[in-house]
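Accompanying notes for the structure given below.
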Amino acid sequence: MSATITKPAETLSRWWPISLTIVVIFGFTVLILISLSAYRNAPPIPAQAIDPTGAVVFTAEDISAGQQVFLKYGLMDNGTIWGHGGMLGPDFSAQTLHGLALHHAERLARTRFQVAYADLPEPERASVDALVAAEFKTNGYDPASGILTLPTDSQAAFAAQIADWTAYFTDPARNGGLARDAIADPGELRQLTAFFSWTAWAAAAQRPDAAHSYTNNFPYDPLVGNRPTGGAVLWSAISVVFLLAGTAIVLLAFGKFDYLGWYGGDASPAVRSVALGAATLTPAQAATLQFMVVAGLLFLAQTLIGGGVAHYRAEPESFYGFDLSMLFPSNLLRTWHLQLAIFWVATAYVGGALFVAAALGGTDPRHQRPLIHALFWALVAVVVGSLLGQWLGINDLLGGLWYWLGHQGWEYLEIGRFWQILLAAGLVFWVWLLLRATQPARANPELRTFVNFFLIAAFAIPFFYLPAFFFGSTTHFSVVDVWRFWLIHLWVEGFFEFFVTVIVAVILYQLGLVRRLTAIRVIYLDAILYFGGGLIGTAHHWYFTGQTELTMALGATFSALEVVPLTLLTLDAWDFYRVTRGDSPVYRHRLTFYFLMAVGFWNFTGAGIFGFLINMPIVSYFEVGTILTINHAHAAFIGVFGMLAVGLMAYVLREVTSDDAWPLVGKCLSIGFWGLNIGLALMILLSLFPGGVLQLWDVLQNGYWHARSLNYTATPLVRFVEWMRIWGDLVFILFGALPLVVGLLAAYRDQLRLR
């Protein structure tokens with residue numbers, strides 16, 4: 001008689017949910033404390049700024065009104081403040097700071113040596129530079145009275161800055177393609193200059209009880225004594241230690257569990273049928289195709305507009321002989337480029353999630369299809385209304401309603417407040433649709449954990465959009481940047497990644513590639529890794545926006561940990577490659593896995609290599625706001641979230657398209673895959689990365705203000721590198737986005753034929 005040995009059923013360790021809970025609580029606790037400290041540590045806004053004679057140069061009301069002018073005309077999509085914003089124009093704070101410093105250097109040279117500053121011999125120049133630096137480093141702000149005392153002759157220096165900025169806004173050739181006479185009102189120009197002058201003062205004046213300015217000595221400008229702090233060097237080195245330690249811990253976990261990746265599942269088709277309900281396409285699932293079609297069209301529009309934005313960098317005064325700024329100034333095109341990027345990716349995620357929710361539920365709840373149609377048309381209204389409003393707002397055609405219906409002004413959050421409210425309401429409605437669609441699956445113990453993660457991840461998207469409502473047009477700039485990056489960073493590098501991980505887990509389980517516990521374990525692992533570094537790592541955006549070196553320390557060390565999960569995605573990419581080989585039943589979805597492979601590559605390259613390169617404080621000090629930032633942004637956003645969105649499109653298209661129509665649709669997706677990846681690689685290799693390195697070198701040689709001004713950006717070599725981007729853009733558009741749209745329209749026509 002022989003005994004049968006039964007292997008005990010594998011169970012999930014209770015330490016997975018415990019560890020995730022600890023990571024999330026700790027991360028948000030520290031992040032909230034950092035965020036609240038910004039209110040206390042933000043550079044003060046003086047009630048009055050006066051010269052030594054007592055004459056008022058500008059007031060707090062001027063600064064506040066100037067910030068509103070800056071926002072109303074969308075200038076954050078032209079230039080930057082403290083390194084944050086668009087890169088078609090200068091860094092307004094750095095340019096103003098250097099202009100004021102040159103004015104005072106000229107005054108000192110003529111009064112002390114009776115010659116122009118440019119004609120001073122080196123010893124005399126060095127003495128003048130030292131005096132200028134001492135003037136600008138001296139903090140003349142009195143907290144008791146709220147009075148800021150500026151250096152001698154500040155009235156004349158301020159007037160000279162008004163003249164410089166008045167000239168800047170007259171000609172598209174010198175301002176990166178803004179509309180001709182974009183700002184002509186003398187009162188608005190004076191207020192705008194007051195805002196710029198305050199940001200320049202905060203960038204140089206020594207913070208009380210510290211050896212550096214309010215912005216940790218950013219921007220780099222030796223003339224005013226702005227050089228990197230010791231903290232920037234120290235915490236950069238320590239961030240490398242955190243990266244190595246984090247990698248070691250994760251590899252140890254991989255050794256313990258004998259590999260934590262996706263591959264290794266053995267779920268049978270029968271199990272899949274039980275797990276995800278009927279395989280028949282439901283009416284609600286068919287309705288999600290319209291989201292994918294619109295997402296594809298928005299993507300194509302974004303790429304075309306992106307080509308226009310890139311052209312402004314190469315030839316700001318002309319678009320092949322036509323003055324494009326008359327109709328579509330560069331700040332408007334960049335606004336649309338950013339907003340369409342958010343819209344098309346979010347639309348694809350919304351449609352993909354609705355499709356997966358129906359698969360989890362097995363059947364459609366009552367009226368689900370018409371409710372999905374209602375959500376679709378609400379989304380169209382928000383997209384069209386907000387883009388039109390931004391055009392009207394930048395052209396000053398909305399009067400006092402510019403903030404509500406037009407261009408709100410904050411980079412990535414340009415959408416008017418009214419449209420913002422509608423968008424948030426639409427996302428809440430979307431979560432409700434997901435909840436009702438997945439309700440039947442919650443009764444299934446095999447699916448309950450998937451559904452819970454799916455709903456939590458979906459709910460986090462509208463919930464963490466709330467920081468967009470924590471500030472207004474007159475809120476302190478430093479405080480706004482705190483909440484702005486709560487949204488930008490936590491959405492993109494936190495909850496979007498977590499949400500997509502859950503969707504991928506559900507799809508892989510549906511296809512029988514992973515066991516249930518394998519998929520759930522990977523969800524926990526990715527969440528721990530993303531949130532372990534990503535929550536506190538948000539602070540790497542705040543190195544130079546008015547916070548202290550403690551924020552720099554936390555941001556540098558924890559953002560280094562964000563690279564750890566990205567290195568592991570290369571293993572996922574190899575897994576996805578293996579499952580597309582042979583006669584596996586998932587071969588029909590091989591194009592979906594191609595895009596998932598691309599995600600692994602670009603996440604490691606764009607977010608991992610290029611992201612870590614510029615996240616270290618000592619590098620960021622010289623680099624932030626240069627083309628290396630654009631290089632990272634394109635590789636990470638398009639390469640990761642864009643490829644994920646197209647992967648979801650490919651998955652939905654294969655499910656809703658008939659076998660007769662699939663050869664054309666599949667061919668378009670295949671061409672699009674290679675076009676998008678090769679085009680993105682060419683953009684980076686031919687233009688963005690070499691251009692970013694050249695600009696960084698100019699910062700090191702001549703100062704930040706110089707590398708962001710026409711003194712550098714209008715040179716022949718720089719313009720040539722900008723022109724080289726056209727090859728990547730053409731491949732990306734013609735062989736990437738365009739075939740994708742053709743495939744989507746072919747699938748939509750096929751669906752109409754089958755109705």
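Only this structure's heavy atoms are used, side chains among them; waters, hydrogens and symmetry mates stay out.
Residues I627 and F689 are not in side-chain contact: their nearest non-hydrogen atoms beyond the backbone lie 4.5 Å or more apart. Counting only heavy atoms from C-beta outward, the side chains of L628 and F610 never approach each other to under 4.5 Å. Side-chain contact between F601 and N677 is absent, with no heavy atoms from C-beta onward closer than 4.5 Å. In this structure, Y524 and F453 have side chains that are in contact, with non-hydrogen atoms separated by less than 4.5 Å. Between F470 and W486 the shortest side-chain heavy-atom distance does not fall below 4.5 Å. Looking at heavy atoms from C-beta onward, L333 lies in side-chain contact with L324 at the 4.5 angstrom threshold. Side-chain contact between L455 and V431 is absent, with no heavy-atom pair separated by less than 4.5 Å. Within the 4.5 Å cutoff, no side-chain heavy atoms of F469 are placed close to those of L487.
In this structure, the side chain to side chain donor-acceptor pair (under 3.5 Å) partners of R334, at least two apart in sequence or on a different chain, are D77, E411. With sequence neighbours excluded, no residue satisfies side chain to side chain donor-acceptor pair (under 3.5 Å) with R749. Listed by chain and number, the residues in a salt bridge (Lys or Arg N to Asp or Glu O under 4.0 Å) with R366 amount to none (sequence neighbours excluded). Residues satisfying the salt bridge (Lys or Arg N to Asp or Glu O under 4.0 Å) test with D659, not counting sequence neighbours, are R654. Considering only residues two or more places apart in sequence or on other chains, H632 meets the side chain to side chain donor-acceptor pair (under 3.5 Å) condition with none of them. When the ring-ring contact (aromatic ring centres under 6.0 Å, His included) test is applied to W430, the partners found at least two apart in sequence or on another chain are F499. For W344, the ring-ring contact (aromatic ring centres under 6.0 Å, His included) partners at least two apart in sequence or on another chain are F299. Residues forming a ring-ring contact (aromatic ring centres under 6.0 Å, His included) with F343 (at least two apart in sequence, or on another chain): none. Residues satisfying the side chain to side chain donor-acceptor pair (under 3.5 Å) criterion with H337, sequence neighbours excluded, are absent altogether.
Remark: of the listed residues L744, V742, L664, L653, L653 is the sole one forming a side-chain contact (heavy atoms from CB on, under 4.5 Å) with L669. A side-chain hydrogen bond (donor to acceptor under 3.5 Å, both in side chains) with E414 is found for exactly one of Q420, Q339, H407, Q390, namely Q339.
Checking side-chain atoms of T438 against main-chain N and O of A441 turns up no donor-acceptor pair under 3.5 Å. Side chain of D364 to main chain of T282: no donor-acceptor pair is present (N/O by atom type, distance under 3.5 Å, no hydrogens or angles). In this structure, Q290 contributes its side chain and A287 its backbone to a donor-acceptor pair below 3.5 Å. Side chain of R484 to main chain of F471: no donor-acceptor pair is present (N/O by atom type, distance under 3.5 Å, no hydrogens or angles). Looking only at distances, no side-chain donor or acceptor of Q368 sits under 3.5 Å from a matching main-chain atom of P365. A donor-acceptor pair is defined here as one N or O able to donate and one able to accept, closer than 3.5 Å; such a pair exists between the side chain of H489 and the backbone of G534. Between the side chain of S687 and the main chain of I684, no donor-acceptor pair closer than 3.5 Å is present. In this structure, S670 contributes its side chain and G666 its backbone to no donor-acceptor pair below 3.5 Å.
The CE atom of M87 sits 5.0 Å away from atom CD1 of I630, with the distance rounded to the nearest 0.5 Å. In this structure, L676 CG and L740 CG are separated by 6.5 Å, a value rounded to the nearest 0.5 Å. Atoms CD1 and CG, from I507 and L596 in turn, are 7.5 Å apart once rounded to the nearest 0.5 Å. Between the CD1 atom of I305 and the CG atom of L387 there is a distance of 7.5 Å, given to the nearest 0.5 Å.
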Stepwise side-chain contact (heavy atoms from CB on, under 4.5 Å) check, W336 with F328: CA-CA 10 Å; W336 283 351; F328 302 112; 3.8 Å; yes
Assess the residue pair M643 and M597 against the criterion (side-chain contact (heavy atoms from CB on, under 4.5 Å)); give the C-alpha distance rounded to whole Å, side-chain angles, the decisive distance to 0.1 Å, and a yes or no. CA-CA 9 Å; M643 295 296 174; M597 282 187 276; over 6 Å; no
Evaluate the criterion side-chain contact (heavy atoms from CB on, under 4.5 Å) for residue pair L433 and L354; output intermediate values, then yes/no. CA-CA 8 Å; L433 292 179; L354 289 169; 4.0 Å; yes
Does the side-chain contact (heavy atoms from CB on, under 4.5 Å) test come out yes or no for L71 and Q408, once each step is laid out? CA-CA 6 Å; L71 297 174; Q408 196 173 148; over 6 Å; no
Candidate pair F454 and F450, rule ring pair (Phe, Tyr, Trp, His ring centres under 6.0 Å), full reasoning: CA-CA 6 Å; F454 182 74; F450 285 116; over 10 Å; no
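Contact detail for A348 and A295: the closest heavy-atom pair is N-CB, 4.0 Å. Across every non-hydrogen atom of A353 and L434, the tightest pair is O-CD2, 3.5 Å. In terms of heavy-atom proximity, A505 sits nearest to I523 at CB-CD1, 3.7 Å. Shortest non-hydrogen contact noted between P739 and G672 is CB-N, 4.2 Å.
Pairs of residues two or more places apart, or lying in two chains, that qualify as ring pair (Phe, Tyr, Trp, His ring centres under 6.0 Å) and include a residue from residues 651-683 are F355-Y651, H589-Y651, Y594-F673, F595-F673. Pairs of residues two or more places apart, or lying in two chains, that qualify as salt bridge (charged side-chain N to carboxylate O under 4.0 Å, His left out) and include a residue from residues 726-736 are R725-D729. The ring pair (Phe, Tyr, Trp, His ring centres under 6.0 Å) contacts involving residues 371-392 comprise F291-F376, where partners must be two or more places apart or lie in separate chains.
Within a 6.0 Å sphere centred on CZ of F464, other residues, nucleotides and ligands contribute more than 12 heavy atoms.
Aromatic ring pairs are classed by plane angle as parallel below 30°, tilted from 30° to 60° and perpendicular above 60°; the pair F637 and F641 is tilted. Below 30°, between 30° and 60°, or above 60°: for F496 and W491 the angle between ring planes is below 30°, a parallel geometry.
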